[in-house]
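Notes follow the structure.
Every chain is numbered from 1 and lettered A, B, ... according to where its sequence line falls, protein lines coming before strand lines.
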Amino acid sequence: MKRCLTAGALAAGLLLAAAPSFAQSKAKAQNVPEIPFESVPNFLKFPPNIYLGEGIGVATNSKGHVFVYTRSGDTRLFEFDQNGAFVREIGQGLYGFAFAHAVRVDPQDNIWTVDEGTNMVIKFNPAGRVTMVIGRRPEAVEELTNFSGQGSAPNSNKPYSFNRPTDVAWDKDGNIFVSDGYGDNRVVKYDKNGRFIKSAGKQGTGPGELRLPHTLAADAQGNIYIGDRSNARVQVWDNDLNPKAIYDTVGNPWAVCVSPGPHQYLFVSNSVPDNGDSRAAAQTGEIYKMELDGTIVGKFGRAGKALKEFSTVHEIDCRNPNELFVSEITDWRVQKIILKPSPAKSSAGAAK
Amino acid sequence: MKRLLQLAIAVCACAAPLVAQSNAPDIPYDANADLLKLPDNIHLGEAAGVATNSKGHIFVYTRSGAAHATVGSSRTFYKAGSRLLEFDQAGKFLREIGQGVYGFNFAQG
């Protein structure tokens, strides 16, 4: 583990001067085996008057229901059943919805949204009622005075106030972890009742430092996997938010997911939107399947807008590690992905 | 002298009310956060105000909506979407009062 950190620090040093760039967007991992897969076309069935906007968040519950969080005319949260039939909208017109960033479902089937427009993390019970909120939407008058959209000052590091938060995860005790985010470059830990425990991280490129923690997930031991997007690496922190390992060969982690079950996998999407540097986007788009120790099992997909191609994957659901859901920003959709891993060997591919 | 002391206490209480009242006895109590039964399409936002009437009906004034700005000729006008909801004494939703009324902007109490 220490070796991992040293390697990570070295890589971070090399990257210090460079912003995420054309060169950096390409994953360093070489000769990664391709995992065969299929995409289920038009899985989600929308009512005629409801359209998906940017596919920002997707998550499933224990029954296989699919929750989709989208930036459309308003930011909206939709529920579909396990066959893709539309069930309902949750939180229509909610005060905490302005600019979607992530939706996750906890082990008790509560639905959590992270909204980077209102700076709020919101917990809904399975019936769709709000049962907890963390953070606070800036008051309307403040919003107007900050009309540039900058909101509160970065690096304020307040216990119960976020600055464009990005994602939420839980450990087995129900402790809550929030990646925060575009402004403050930290991870905040709360107990299951939403009481602040600690926060860690600041802007930088060293171990434990972050540049845009864009996504996070927890494993069964309570380790936290943070998509340190602009540093082009996944950081693993322990349950007390101390750095443990760095995986820096799989590109810019826009989305991470850790599957449940006895053998857990880490999925990482190397995403770059094509409306920016389209050359960078063209050489990304793939999703990596990894062991929790960073060993790459394989990869699948590439940039593009066709079925089986990925157009800036923003969130991955991996409740079933062979049946994924991915939401995409620059191709307003959610794809259901069926992986067909070869049964023979599971540890092919280059370790970090 | 006594008066001076009272004044000092008052000043003290203003400056650090929690410290000044650290020996206040705890009052035993229960809480029920599920009393109010909201329709599926109505959600509370920030709960700015709550009051009951003589029948026990509960009135909740909430900051529930996004801010909308209207650009006027010389000023920008905004409306922040506050709503006033009425429930009966058992928490059953009865009605919304003043939906869209001109005076509802950013609920205070």
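- Within a 6.0 Å sphere centred on CG of A:N42, other residues, nucleotides and ligands contribute 12 heavy atoms or fewer.
- Heavy atoms of A:R88 lying under 4.5 Å from chain B are absent altogether.
- The neighbour count for B:K37 NZ, taken as heavy atoms of other residues, nucleotides or ligands under 6.0 Å away, is above 12.
- With respect to the salt-bridge test (charged N to carboxylate O, under 4.0 angstrom), the residues B:E46 and A:R137 do not qualify.
- The candidate from B:T62, B:N41, B:L38, B:D40 with the greatest count of non-hydrogen atom pairs under 4.5 Å with chain A is B:L38.
- One finds the OH atom of A:Y95 at 14.0 Å from the CZ atom of B:R83 (value rounded to the nearest 0.5 Å).
- A:L94 CG to B:L44 CG: the interatomic distance, rounded to the nearest 0.5 Å, is 9.5 Å.
- Counted within 6.0 Å of NZ on A:K198, heavy atoms from surrounding residues, nucleotides or ligands total more than 12; the atom is thus considered enclosed.
- Counting non-hydrogen atoms of neighbouring residues, nucleotides and ligands closer than 6.0 angstrom, the NZ atom of A:K45 exceeds 12 such neighbours.
- Within 6.0 Å of the OH atom in A:Y51, the count of heavy atoms belonging to other residues, nucleotides or ligands does not exceed 12.
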